[in-house]
Amino acid sequence: MSKNKQDQGLLQTSNGIGVIVSRQMLSLMHDKKFMKVSQAAAFLGLFPIQSLNPFSK
């Protein structure tokens, strides 16, 4: 199984993410380098705000 298919399958384990949405997410992220999963989620808009300061509101 290709890495892309594995990633797509992993994304589809989340509620509300199907074949089309997982493909779109992967196409947006294909050339990005993220250090953390939370950065990728923030990039995709799954977390509306990503704070650099953990003590800020």
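Just so we're clear, the structure is a prediction, and the values are computed from it rather than from any experiment.
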For atom CG of Asp31, is the number of surrounding heavy atoms from other residues, nucleotides or ligands below 6.0 Å larger than 12? yes
Please list all pairs passing the salt bridge (charged side-chain N to carboxylate O under 4.0 Å, His left out) test where one or both residues lie in residues 6-28, with sequence neighbours left out. Lys3-Asp7
Shortest non-hydrogen separation from Leu10 to Thr13 and the atoms involved: O-OG1, 2.5 Å
Identify whether Leu28 and Ile17 are in the same connected component of the hydrophobic contact network (ILVMFWY, side-chain heavy atoms under 4.5 Å). yes
Within this structure, what is the NZ-CZ distance for the pair Lys32 and Phe43, rounded to the nearest 0.5 Å? 4.5 Å
Between CD of Gln12 and CE of Met25, what distance do you get to the nearest 0.5 Å? 10.5 Å
Would you find a donor on one side and an acceptor on the other, under 3.5 Å apart, between the side chain of Ser2 and the backbone of Lys5? yes
May I have the step-by-step check of side-chain contact (heavy atoms from CB on, under 4.5 Å) for Gln8 and Val19, ending in yes or no? CA-CA 8 Å; Gln8 188 175 353; Val19 175; 3.7 Å; yes
Calculate, to the nearest 0.5 Å, the distance between atoms CG and CD belonging to Leu11 and Gln6 respectively. 12.0 Å
Given the rule that I, L, V, M, F, W and Y join up when any side-chain heavy atoms are under 4.5 Å apart, are Leu44 and Leu26 in one cluster? yes
